Each structure stands twice: as structure tokens, then as C-alpha cells.
Amino acid sequence: MSGPPPRTAIEPTRAEDYAEWYQQVVRQADLADHAPVRGCMIIKPWGYALWENTQRALDGMFKATGHRNAYFPLFIPLSFLEKEAEHVEGFAKECAVVTHHRLVAGPEGGLVPDPEARLAEPLVVRPTSETIIGAAFAQWVQSYRDLPLLINQWANVVRWEMRTRLFLRTAEFLWQEGHTAHATEAEAREETARMLDVYRTFAEQWMAMPVVAGPKTDAERFPGAVETHAIEAMMQDRKALQAGTSHFLGQNFARASGIRFQAADGSEQYAWTTSWGVSTRLLGALVMTHGDDDGLVLPPRLAPAHVAVWPVLRDDADRARVLEAIEVLARALRATRWADRTLEVEVDLRDVRGPDKQWEWIRKGVPLRIEVGPRDLQSGTVGVARRDRPHRERLVWPLHEVAARVGEVLSDMQTQLLQKALAFRDAYTVALDDAGELEAFFTPRDAQRPEIHGGFALAHWCGGSACEQRAHAFKASIRVVPVHGIAAARAAERIEERGRCVFCGGPSPRRVLFAKAY
RNA sequence: CGGGGCGUGGCGCAGCCUGGUAGCGCGCACGGUUCGGGACCGUGAGGCCGGAGGUUCGAAUCCUCUCGCCCCGACCA
């Protein structure tokens, strides 16, 4: 056992340079490109198909929980944003603002905004829509009989971020934002929890991505919210990624927007509202949860195509027979249902060498690869390659049984990916009992070129913001006060035990989750 | 927004210090040999050297400004 390490399709590898590996996977899997505009991206068909599948799954879950889609304007009057004090403060620093409605020839050529066409009130390109949807809700809601109001919109938003990364943090991104109004606090809190649970289910069942779900600390709250809940996932560099949020907004936005209703007893009351969202950031999470040194690895339920098939053609004599066999195979696969959908098949007939096709589909993460050549027709069998197995490994199946067998394998892959990600997270989740241990856990050996280190640390915290801040010294923060999803970790049983704050020694009712975060 | 790095054919890079109008590998096109495999040989296409000013007889190379990307930090629903 010696010699050079096997060549990988992605260079550098995760261990060599995780950040660069991520960039390379996004590009080589053909998910997205940088756009000519700073911080913006072009989502390419393979990446956009992932988003469409995400939308389809989530949209179904939103509908199933009683929500309806609507669409609100991209532009928000500046005065709307000013209505909720904390909200303004949270978003003012990163707003794109529209001030003119016409261009004219400039003094030195080109076009400039026409000074005569300045808007009376500047419009903000929505960073989120609480305020403008709140204004609509105020009109829609009169009586308790109008509640609950359960609305979702699929939209783009703009946040002028200082530092951007494809999918993870872009200036413009795609998302869904749910906005609901309720007659009682309890109902709104229930909604907040319900939608967080929808996100958790989606992450686990569709993305095969284990998440920890629970409330954020005050410091990490959405501007204007009473309480923010989130799902957090561990990426392969062991950092936490916030993958979805659900906010209990109390009556803050109802007061700001005047969402009032007459209750059954005749009294006038402010509604209780919530908002919740996930974005194209999920695709970044997908890359960093399952990707390997050969590129993307897609969970079958979200994959734009479940199977890639291509012919091995040696001479013209075989050609017609092989292509015919592929045609038959593809037809059978496309008639097969799996996970509530018919299978998507990419038949790759491009005039490209077999190995090149193979590696392209590996990089793109397609779950199953099948090559069909003359020899297969002779034997009546084909080799089926799983993306989650070494690239030379093959399942050998009778050709006519492929369609009948793929479902089982796809289901197995879906399960295995979740199990593998869960095992990874558990392996790097620890319970720690003093500040020194915590700091050591989050400190790389090589400060110059930090290796992959750290993970999730469950530690006691008194609840004070000063102590919370102490973790910032070694770049960790409290991600979530765990409620759900960490049950499998060896350290899990220690979450609910009482203890002493690792920083000040004050009493702590339970452990919280510390991690470095995206 | 502060510190650092980088922008040269589709991708990865060399050339820049010591100015003289562009080179390598991969990819691409064509021909041939191979052929269940990340092949090989030959021929060829493709670059206003991120952009704008400036210095100079002459700028990818020097100076100024600007745009973008990456890393670290601050910030981040």
C-alpha cells in the first residue's frame, strides 16, 4: 500500500483547502457562476433544478399546513421600513435603494439618473417583506373570523452584504417567506414551531441533512422578532450553518403596521404574527453536507436526475442495437415511480468519450450511472454505479430488471446519506465543562493555515449576554438552545442536566450548542 | 468596511522585479491510432494580458485611480 494518493476530480481536496474545494464543487458541478454584478450569482440549470425540487417539496408542505401563495412588491416604501425600530436598525446597513425612475444622456456620454426624475419617496429593494406584507394584512384583517391568515411568497430579496459566497451569502438570493397573522399568542407560537418542524422534516427527509432545531439567543434574534428559532446543520468543515429560521414576532409588526381585529367579545386587538424562511443557501448546505473530493453528491429525492445513462459504442455494427437498448431502458425508468415522482433520466448521447462523461456525472452528483454497451447486450446485464460508493464499484443487474430495482437503491442511498451525515455530526459533537476546554476545542493547531477543527460543543451557559460574548474570543457562538435533533449524539443525554456556566459558574438549567458558524 | 492575496485564450498557471506588442498544461476543432475508459500522435483555432488614465519611442510588465474575485477581521434576518 503505497504510491501517490488517488486522483480526485476536485482539487484541492476538502482537507487541503475547504473553502476553495467548495468553490470548485459549485463550479464544476455546474451549479452556478458569478454574475457581472458584485455578490450576485447566475444559477445554472443543474443548480436551478435543485432549487425547483426544493420548492416543489416545501410548497407541498406549506399547502398541506394550510398556507396559500401570494406575491408582494419588490419595492418597499422607505417609510414602511422605518415603522419597526429594531427592524430598521437591523436592515438599514444593507439596503439597495431606488431613487430615480428615468435615465438621461450624461454630460460625458452614457446614461445617468435624470435629476428631474427623483422619486418623492425612495424605494427600498426588499431585504425581507414583513413591513409591506404587514400593510396588506392590516387591510385584509377586520375580524377574528379573518384569522388565521396564512400566506407564503416565493421571491428574491436583496441584502447588500459585505462579504459574499456563492449560495451561502449572496447580495441577491431566492427564498420563500411565510407570513402569518393569528388571533392569539399561543396560536402564533404554535405556528412558529410548526414551520420550524416543516423545515426540520424537509432537511432530514429530502436533503438527508440532520439538523438541530431550537430557539436562538437574544443576540442572534431577527430584528423585530420576539423570538427566533432556527435549524442548524454541521458542514464537513464542522462549522454550523443556519439553514432555516422561524420567527415569533409577537405583536411588534402588528403594532407597526396596524394589523388589528375585532375579537369575539367585541374588543379591538392587535394580531400576533410570525414569519419564516429558507433560501438558496440550502443548496450551499447540500454541497457541504454530502459533497466529496470528486464533487457533488446528491440525495436522490432532490436530484434533478436520478439516473444518467450513456452508451458504449465501439463500432457502427453495435450502434443501433445499443441505442435501442438504451431507449428501452430509459422508457422503463421514466415510467417508474419513486418517492412520489416518476424517475428523471439523463440519456447522454453526446459525442464525448465515456470516461469524460462518467467524470462529468460524478462531479454533478447524479445518484446512479449506467453505461450500456455491446457486452451488456450479450450478457443481458448492466453495471450500475452509485455516487455514494467508490467510482469503480458496480451493481450488476439484469438489464430488464433495472427499472424495477432502482427504487430500492435510491431509497437506500437517501437513507445512507442521512446516516452518514448524522454519524459525522455525532462524531464531532462533544459535551464540555469549562471555558478552557471550550477554547481548546475551537482553536486550530495551525493558526496560519487552520486545519478543519472543532465541531458542536454542548456546554452550560447562564443565559447572560456577557458570557455569551466570551465565546466570540475564539470565534464560536451559541447557535441554538437545543430542543430537537441531537438525540443521536453520544453527548445528547447530557443536554438537559443542570450545571454551572462554563464562563461565570452561575447556574445553568441546560446545555446550549456552541459552534463556529457560517 | 479594515488587513492581505489575486485578476493573462473555456479552466489552471508562467511571464511582471531587470518595459521591446504573449507562452505552457488541460480543454476545444480536424485527421489518425486506440477503445468498457480519466488514452496517444499530429495539425489547428482561440487572448483589446479586468477597466480607465498616466510615464515612455515603446507597457501584460512602471505609476495613479477604478471594478471584481478569494482569504482573515468587523458585520450578518
Side-chain angles (χ1 to χ4, degrees), chain A residues 6-12 17-24 27-28 30 33-41 81 84 86-95 108 126-131 157-166 168-171 173 175 177 216 219-225 227-230 241-242 244-247 249 253 275-279 281 294 310-315 318 322 351-363 369-379 381-383 385 391-392 394 396 444 447-450 472 475 477 517-518:
Chain A
R7 180 180 165 192
T8 57
I10 301 296
E11 287 178 354
D17 185 344
Y18 192 82
E20 179 60 19
W21 166 84
Y22 174 79
Q23 301 284 135
Q24 289 298 326
R27 200 154 55 74
Q28 296 200 39
D30 222 20
D33 275 340
H34 287 283
V37 183
R38 194 198 84 86
C40 293
M41 64 176 168
L81 211 61
E84 212 290 328
E86 232 184 84
H87 196 62
V88 197
E89 201 182 324
F91 285 107
K93 297 182 293 294
E94 50 187 36
C95 285
E108 286 151 39
R126 63 179 164 221
T128 178
S129 304
E130 274 74 9
T131 58
V157 286
V158 169
R159 295 178 187 178
W160 215 260
E161 301 287 352
M162 284 302 150
R163 193 175 164 190
T164 61
R165 303 185 71 185
L166 291 176
L168 300 176
R169 176 167 286 111
T170 45
F173 56 93
W175 78 344
E177 48 181 323
K216 305 291 274 185
E220 307 268 338
R221 227 179 50 230
F222 173 71
E227 228 172 64
T228 287
H229 297 247
L241 182 82
Q242 180 174 299
T245 50
S246 184
H247 314 291
L249 303 175
F253 285 91
S275 68
W276 27 274
V278 297
S279 71
R281 180 179 238 207
D294 287 327
W310 62 92
V312 179
L313 298 170
R314 284 202 292 189
D315 49 59
D318 303 322
V322 171
D351 183 20
V352 169
R353 290 178 56 82
D356 292 335
K357 282 186 190 176
Q358 173 179 227
W359 285 100
E360 189 174 317
W361 288 112
I362 288 174
R363 285 194 297 269
R369 308 185 301 277
I370 303 177
E371 284 180 312
V372 181
R375 211 180 285 167
D376 303 305
L377 299 191
Q378 290 256 306
S379 65
T381 61
V382 285
H391 71 86
R392 286 187 211 284
R394 295 288 184 280
V396 178
Q448 296 305 305
R449 292 187 66 247
H472 296 356
K475 295 168 196 157
S477 56
Y518 274 92

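Chain letters run A, B, ... following the sequence lines, proteins first and then strands; every chain starts at 1. All figures in this text were calculated on a predicted structure; none of them were measured in a lab.
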Do any N or O atoms of the protein come closer than 3.5 Å to N or O atoms of nucleotides 1-12 of chain B, and which pairs are they?
unit_1, atom_1, unit_2, atom_2, d
B/C11, O3', A/R27, NH2, 3.2

Which whole number of Å gives the distance between the [atom1] atom of [N] and that of [M]?
N	M	atom1	answer
B/G19	B/C65	P	22 Å
B/A59	B/C49	P	11 Å
B/G3	B/A45	P	46 Å
B/G15	B/G73	C1'	34 Å
B/G5	B/G42	P	41 Å
B/C40	B/A22	C1'	28 Å

**Study point:** side chain to side chain contact (heavy atoms under 4.5 Å, CB included) involving A/R353 - partner list, sequence neighbours excluded
**Key:**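 Testing A/R353 for side chain to side chain contact (heavy atoms under 4.5 Å, CB included), a comparison that skips the adjacent residues, returns A/P355, A/D356.
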Pairs under 3.5 angstrom, nitrogen or oxygen only, protein versus nucleotides 39-49 of chain B, please.
unit_1, atom_1, unit_2, atom_2, d
B/A39, N7, A/R353, NE, 3.4
B/A39, N7, A/R353, NH1, 3.0
B/A39, N7, A/R353, NH2, 3.3

Exercise for review: Tell me the partner of B/G38, counting only Watson-Crick (N1-N3 plus N6-O4 or O6-N4) or G-U wobble (N1-O2 and O6-N3) with both under 3.5 Å; none if nothing fits.
Suggested key: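 When the pairing criteria are applied, nothing turns out to pair with B/G38, so the answer is none.
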Check your understanding: According to the interplanar angle, ranging from 0 to 90°, do the rings of A/Y18 and A/W21 count as parallel (below 30°), tilted (30 to 60°) or perpendicular (above 60°)?
Key ->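 Answer is tilted, since the angle falls between 30° and 60°.
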Exercise for review: Tell me what A/P36 touches on the nucleic acid: a base, only sugar-phosphate, or nothing, going by heavy atoms under 4.0 Å.
Suggested key: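 No contact at all - A/P36 keeps every heavy atom at 4.0 Å or more from the nucleic acid.
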Practice item. Find out whether A/W276 and A/H229 are in side-chain contact, i.e. whether some heavy atom of one side chain is under 4.5 Å from a heavy atom of the other. Key: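 No - every pair of side-chain heavy atoms lies 4.5 Å or more apart.
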